[in-house]
Every structure is written in structure tokens, then in C-alpha cells.
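To start, the structure under review is shown below, and the notes come after it.
Just so you know, these numbers come straight off a predicted model, no measurement behind them. So you know, we letter chains A, B, ... as the sequences are listed, proteins then strands, and number each from 1.
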Amino acid sequence: MLVAVVSDDGSWHGSGRWQDVRPDGTPAGAPVRVADLPAAIAAREAAEHPRWLWAATTEGYPTLLRAGVRVRRCHDVELTEALLLGHAGRWGEPRALAAARARLTGAPVPADPPPRLPQPPGFAQGALFEAMSGPPAAAGSGVLEALAQVYADQHARIGATGQPGRFALLVAAESAGALVGAEMGHAGLPWRADIHDQLLRELLGAPQPVGPPRRLAELTAEINEAFGVRGLHPDSPAEVLRAFSRAGIEVPNTRAWVLRQVEHPAVKPLLEYKELYRIWTAHGWAWRDAWISEGRFRPEYVPGGVVSGRWATRGGGALQVPKVVRRAVVADPGWRFVVADAGQLEPRVLAAVSGDSRLARAGAAGDLYAALATDSFGGDRAKAKIALLGAMYGQTGGAAIPALAVLRQSYPTAFEYVEAAARTGEAGGLVRSWLGRTCPPASTAWRDAGLEPPEEGGSAEPQGGAPGRARGRFTRNFVIQATAAEWALVLLATLRTALEGLRAELVLFVHDEVGVHCPAEEAEAVAEAVRVSAGRAGELLFGDTAVRFPLDVSIVECYADAK
DNA sequence: TCTGGCGGCGCC
DNA sequence: AAAGGGCGCCGCCAGA
């Protein structure tokens with residue numbers, strides 16, 4: 001059963017209405033008013049586990065979670081609309097429920113509300129902020145009708161895609177991902193502020209009332225001494241470039257890998273400075289004070305926030321936590337982390353989607369690169385790896401050239417799969433993931449490249465030169481990265497279901513890695529659930545394929561000890 | 001003084 | 001080992 005649901009005032013903790021809807025989107029009963037939305041949803045969820053049809057998971061689900069209410073399934077109209085618009089080559093059009101309905105009725109299409117700003121928990125979330133942002137778009141009368149009407153239309157549009165079964169799976173996974181994202185934000189990642197402080201002091205020295213901590217100040221002095229100057233700021237690329245120039249060394253920029261090739265006494269302290277400076281500014285004491293509360297790091301996840309379908313976060317940098325800082329991620333007493341990451345996910349995805357049976361046979365092995373090396377690269381694993389990475393990312397030079405030639409020769413089907421995606425992109429066309437997520441049109445890429453977008457109707461014009469090649473690399477990678485993201489999303493959704501009935505909670509999801517926080521006695525069961533879910537994800541996406549998707553699973557007390 | 005673009009680096 | 005694809009975040013820097 002599908003149940004359209006809306007909050008009367010958008011708060012999701014007062015009254016609301018719902019209405020049963022048939023799978024084709026036609027109403028299956030009259031609207032029903034409920035006085036206490038969280039309580040009513042909880043009761044109905046317990047009774048029958050309906051699929052909840054709502055405008056956007058981000059609108060109400062966090063509030064429901066705070067009220068202790070979880071749901072098993074939903075259909076997120078906004079995320080689905082974004083997928084369908086993209087599939088139709090209409091990337092970037094407004095995706096909110098109100099916009100989707102306006103397109104159906106011929107009314108003027110309202111723009112989406114601007115995305116919220118990054119906001120650490122507890123900051124300005126009171127009445128003032130809510131008053132400033134106004135009532136949510138999905139409140140008020142007519143919303144139930146809009147939900148049913150737009151759902152029916154989306155149902156029909158999914159059916160009209162080239163691969164309706166796959167696209168339906170994508171829509172279901174995207175909605176499930178939205179639930180997981182909210183639940184992970186609610187649960188938070190266990191984070192020991194005291195250990196964080198201790199490791200910052202070990203790395204950086206004591207924090208100072210004003211200015212950088214002791215170790216950074218020392219390194220600044222060392223760098224100045226090495227250059228024979230005073231007052232140089234190591235964090236100013238322009239000043240560092242000038243200092244090297246005065247020393248007779250011309251470098252194109254001050255990136256770490258460039259400096260590593262330079263012989264000069266300033267290089268060593270500069271490299272150490274960069275590393276520590278990054279930790280201080282991005283994950284130092286200020287970050288900890290803003291983002292850690294009650295022993296938890298609660299970033300705001302944005303499922304589908306990246307064009308490839310990967311998640312993004314709003315504030316907090318949860319997907320870029322430096323490895324050294326992960327020592328602060330410690331399970332509660334008596335609890336463990338089960339951390340699992342997919343090994344060699346992207347080449348396995350290429351093997352599966354391309355239908356290259358020879359590559360798929362290699363993908364059946366635990367080490368795909370090694371199997372590939374034995375098969376065609378004379379046992380040279382490094383060369384096999386370079387070949388695959390080069391093919392997926394569009395590398396054109398260096399050591400990749402001979403490796404790519406071997407790949408083209410021995411695995412022509414897989415090679416052609418990514419080549420075709422690159423050609424399509426360079427010609428201004430669109431490519432799709434396995435389940436049907438579609439890349440943005442070329443005009444977007446051109447804007448990103450600082451060029452004028454093409455004239456109306458000219459989006460299929462080929463674009464030569466560097467921008468065209470850049471778009472070719474983008475579409476080449478998109479078909480792989482977006483499909484890998486789908487595999488991970490399906491794994492996540494499957495795992496979420498498998499964890500029902502346990503105390504275990506999903507607390508971590510980083511592209512191809514998941515983390516579950518659970519009582520120690522549940523750890524083995526959780527580890528097994530993750531492995532089973534990975535297998536299921538492969539089957540759901542690719543059906544009968546020789547390719548396997550093995551996981552590295554660790555049971556640890558500290559995240560830094562995973563793998 | 002404020003702001004957008006960019007350099008640089010963290011993660012996958 | 002590097003470069004190639006995707007991001008977010010920070011501070012610098014030049015221009016309004």
C-alpha cells in the first residue's frame with residue numbers, strides 16, 4: 001500500500017492528512033485527517049509497513065526521527081523528479097513537488113527554494129530561523145492531490161524509460177538512501193572529543209590564544225630560515241612561489257607532489273606545514289567545537305548530492321575526514337564498528353556493465369588486477385591496474401599508453417564501452433549509468449569550463465578542444481562512477497533492511513564504504529549481513545554475472561584500525 | 001570592506 | 001609514482 005502524507009503546517013509534529021493511493025497513482029480512498037502525525041505514522045507503520053509517499057524526505061523525516069518514529073519505505077517525489085528530469089535531458093529544472101505539479105497543470109513553474117546553508121547542529125535552528133525561511137512549500141491544502149497526481153505521472157514516466165525495471169530500482173534505492181541519510185544524521189558518528197584534542201596536541205602542539213598552534217609556528221620559522229627571509233607566510237602560494245624563484249627554482253605551483261621533486265631545504269618543513277595546517281583549519285579545535293556534541297558527529301548528509309549519484313554533505317566535511325583524525329572515532333563501551341569497503345569496485349563495475357566476458361572472468365577473482373595480469377599482462381599486476389584506471393579516467397599519456405594498448409587488444413568489449421561514453425560526451429551527448437541516472441548536459445560542463453553555453457537547441461553540437469576532451473573524460477568516468485554509486489546505494493538499502501531488529505545502526509557511508517555501530521555481540525551477525533547485502537546488490541543490479549563484489553570487513557573499536 | 005574565483009589538499 | 005574522474009572546505013587574493 002502507498003500512503004500519501006502531508007503535515008498541515010510543515011512542522012511534522014502536529015496534525016496532518018493522509019490518503020491511500022494505488023500503485024498506479026489513483027486515489028484509493030478519501031483523505032483522512034490525523035491529529036498527531038508522528039503517532040499516527042508510527043501506528044500505521046507498525047501495522048502494515050506502507051510505502052510513504054511524501055514531497056521530500058528531508059522535509060519531515062528528521063522530525064519524525066526525533067519523535068522516535070522510523071519508517072521502512074518511502075517514495076521521495078523530489079529525488080524521483082530530479083532523476084526523471086535528468087533522464088529527459090532537462091537537468092537543472094525545478095524538482096520540488098510544487099514545480100512538478102505546475103508542469104502537469106500548465107501553471108507557472110515555481111523555482112526551487114535555495115539550498116540551506118551549512119549549519120552545525122544547535123546553531124540558529126530556533127524560531128527565528130524558521131520564521132525567516134517561511135512555511136515549507138509542501139504545507140497547506142491541495143498537497144495530497146498533488147502528491148497522488150505527480151506520483152501517477154512519475155510512475156508513467158518511469159515506465160516510459162528504456163529500462164523501466166532498472167529505473168524503478170534506481171528510484172527505490174534513491175528514496176531508501178534518503179531515509180538512511182536522515183537516520184545517519186540522526187544517529188551521528190561516535191566521536192571522542194577528548195581523544196581528538198589529545199591527537200591535535202600531539203600533532204600541532206598546544207593551541208594558542210591567538211594565531212597558529214606551536215608546531216605550525218615552529219615550521220613557519222624553519223621555512224623562513226631555509227629561504228633566508230623573514231615574514232613569509234607558508235600558506236600564501238604566491239609568497240612561496242616568489243621565495244623559490246629568488247632561490248633560482250621555478251615551479252608551476254606549490255602543490256605537494258610538485259614540491260616533492262624539488263631539492264631545497266624549505267621543502268621538507270613546507271610539506272609538513274601543509275599537512276598540519278590542513279588538519280588545524282579543517283578538522284581542528286574550531287571544527288570540533290562546532291560539530292561534535294554529546295559524543296557524536298552529526299553532519300548533514302545529502303543523498304544524491306553529486307551528479308554521479310554519490311552523496312555529498314552540507315558542512316562538516318564528513319566525507320573527507322583525514323585518516324589520522326579517525327583515531328577519535330571510537331565505539332561506545334561494549335560496542336564495535338563493523339566497517340566494510342568494496343575492493344576494486346570501479347573495475348568490477350566496468351566488467352559487469354560492459355558485458356566483456358573475459359574481463360568478467362577476471363572480476364570473479366578476489367584480486368581482479370592480479371587475475372587480469374595473469375590473463376593478459378604477463379603477470380604484471382601494476383601494468384594491468386594502470387590500464388584499467390587509465391581506461392576509466394581517460395588518461396592519455398605516460399606509462400598508460402602501452403598498457404592501454406594491451407587492454408584494447410585483449411578486452412575490446414570493455415575498452416569500447418568507455419570509449420563510446422567518451423565519444424558521446426565529446427560530441428555533446430548524454431550518457432547514463434546502468435540503472436539510468438543521466439549525466440548533466442554539455443551546456444553545464446561548458447559553463448563549468450568558463451565558456452558561453454551553446455545557443456538554444458544547439459546542445460548536441462560537438463565541442464572540440466580542451467573543453468570537449470574534458471567532457472569526454474567526464475562522461476567516460478560517469479558511466480562507471482555513477483553505476484558504482486548505485487551498487488553502493490543498493491547495498492546500503494539492503495543492509496538497512498537486514499539490520500532491522502538489531503540494535504545496530506548505520507553511522508558511516510563514504511562512497512564505497514559503510515560503517516555500522518553495534519553491540520559487540522551483534523558484530524559477527526552484522527558483518528555477515530553486510531556480506532550478504534553486497535552479494536544481493538550485485539544480483540539486483542546485474543543479475544547473472546560472473547563478476548563478484550567482495551568486501552573487506554573489519555570489526556574494530558576504533559575507525560582508524562579498520563582495514 | 002566584502003565577495004567570487006582559485007589554489008591547495010583532504011577523502012573516495 | 002603520477003594523473004585522471006567526483007566532491008567540500010579553507011584561506012588567499014584581486015577586483016568591486
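- Here C:dA3 presents its P atom at 19 Å from CD of A:E346, a figure rounded to the nearest Å.
- Note: CD (A:E300) to C1' (C:dG8) measures 14 Å, nearest angstrom.
- Across all their heavy atoms, A:P213 and A:G205 have their closest contact at CB-O, 4.1 Å.
- Atom CG in A:L216 sits roughly 14 Å away from atom C1' in C:dC10 (whole-Å rounding).
- A heavy atom closer than 4.0 Å to some atom of DNA chain C occurs in A:I386, these being the qualifying members of residues 378-389 of chain A.
- If you check residues 477-487 of chain A against DNA chain C, the residues with a heavy atom closer than 4.0 Å are A:N477, A:Q481, listed by number.
- Taking five base pairs at each end of the helix from B:dT1-C:dA16 to B:dC12-C:dG5, the local helix axes there meet at an angle of 10°, rounded to 10°.
- Residues A:R327 and A:D561 are not paired through a salt bridge, judged by the lack of any N-O separation under 4.0 Å between the basic side chain and the carboxylate.
- A donor-acceptor pair shorter than 3.5 Å cannot be found between the side chains of A:T494 and A:R536.
- For the pair A:L489 CG and C:dG6 P, the interatomic distance rounds to 20 Å; values are reported in whole Å.
- The only option from A:R473, A:Q481, A:E346, A:R476 that meets the side chain to side chain donor-acceptor pair (under 3.5 Å) definition with A:Y393 turns out to be A:E346.
- When the nucleotides C:dG5, B:dC12, C:dC7 are ranked by their closest atom to the side chain of A:Q320, C:dC7 comes out on top.
- Taking the side-chain contact (heavy atoms from CB on, under 4.5 Å) definition, one finds that A:A362 meets it with A:A371, A:L372, sequence neighbours left out.
- With sequence neighbours excluded, no residue forms a ring pair (Phe, Tyr, Trp, His ring centres under 6.0 Å) with A:F415.
- One atom, CG of A:L345, and another, C1' of C:dG6, lie 14 Å apart when rounded to the nearest Å.
- For A:H511, there are no ring pair (Phe, Tyr, Trp, His ring centres under 6.0 Å) partners, not counting sequence neighbours.
- Every residue two or more places apart in sequence or in another chain that forms a side-chain contact (heavy atoms from CB on, under 4.5 Å) with A:N253 is listed here: A:R255, A:V258.
- Remark: A:H186 engages no residue in a ring pair (Phe, Tyr, Trp, His ring centres under 6.0 Å) (not counting sequence neighbours).
- Between A:E426 and A:R423 there is no salt bridge, since none of the side-chain N atoms of the basic residue sits less than 4.0 Å from a carboxylate O of the acidic one.
- Residues forming a side chain to side chain donor-acceptor pair (under 3.5 Å) with A:R437 (at least two apart in sequence, or on another chain): A:E174.
- Counting only distance, with no hydrogens or angles, the side chain of A:R310 and the backbone of A:A484 share no donor-acceptor pair below 3.5 Å.
- Non-hydrogen atoms lying under 4.0 Å from DNA chain C are contributed by A:D235, A:S236, A:A238, A:W257, all within residues 230-261 of chain A.
- Atom CD1 of A:I401 and atom P of C:dA1 are 21 Å apart (whole Å).
- Atoms CZ (A:F474) and P (C:dG4) sit 17 Å apart, rounded to a whole Å.
- Here the side chain of A:V306 is nearest to one of C:dG5, C:dC7, B:dC11, namely C:dC7.
- Going from atom CD of A:E419 over to atom P of C:dG5 covers 14 Å, rounded to whole Å.
- Applying the side-chain contact (heavy atoms from CB on, under 4.5 Å) test to A:R215 and every residue at least two apart in sequence or in another chain returns A:E218, A:L219, A:E222, A:E272, A:L276.
- Scanning residues 275-282 of chain A for heavy-atom distances under 4.0 Å to DNA chain C yields A:Y277, A:R278, A:T281.
- A donor-acceptor pair shorter than 3.5 Å cannot be found between the side chains of A:T313 and A:E300.
- Contact detail for A:A421 and A:T475: the closest heavy-atom pair is O-OG1, 2.8 Å.
- Relative ring orientation between A:H283 and A:W287 is described as tilted, the plane-to-plane angle lying within the 30° to 60° band.
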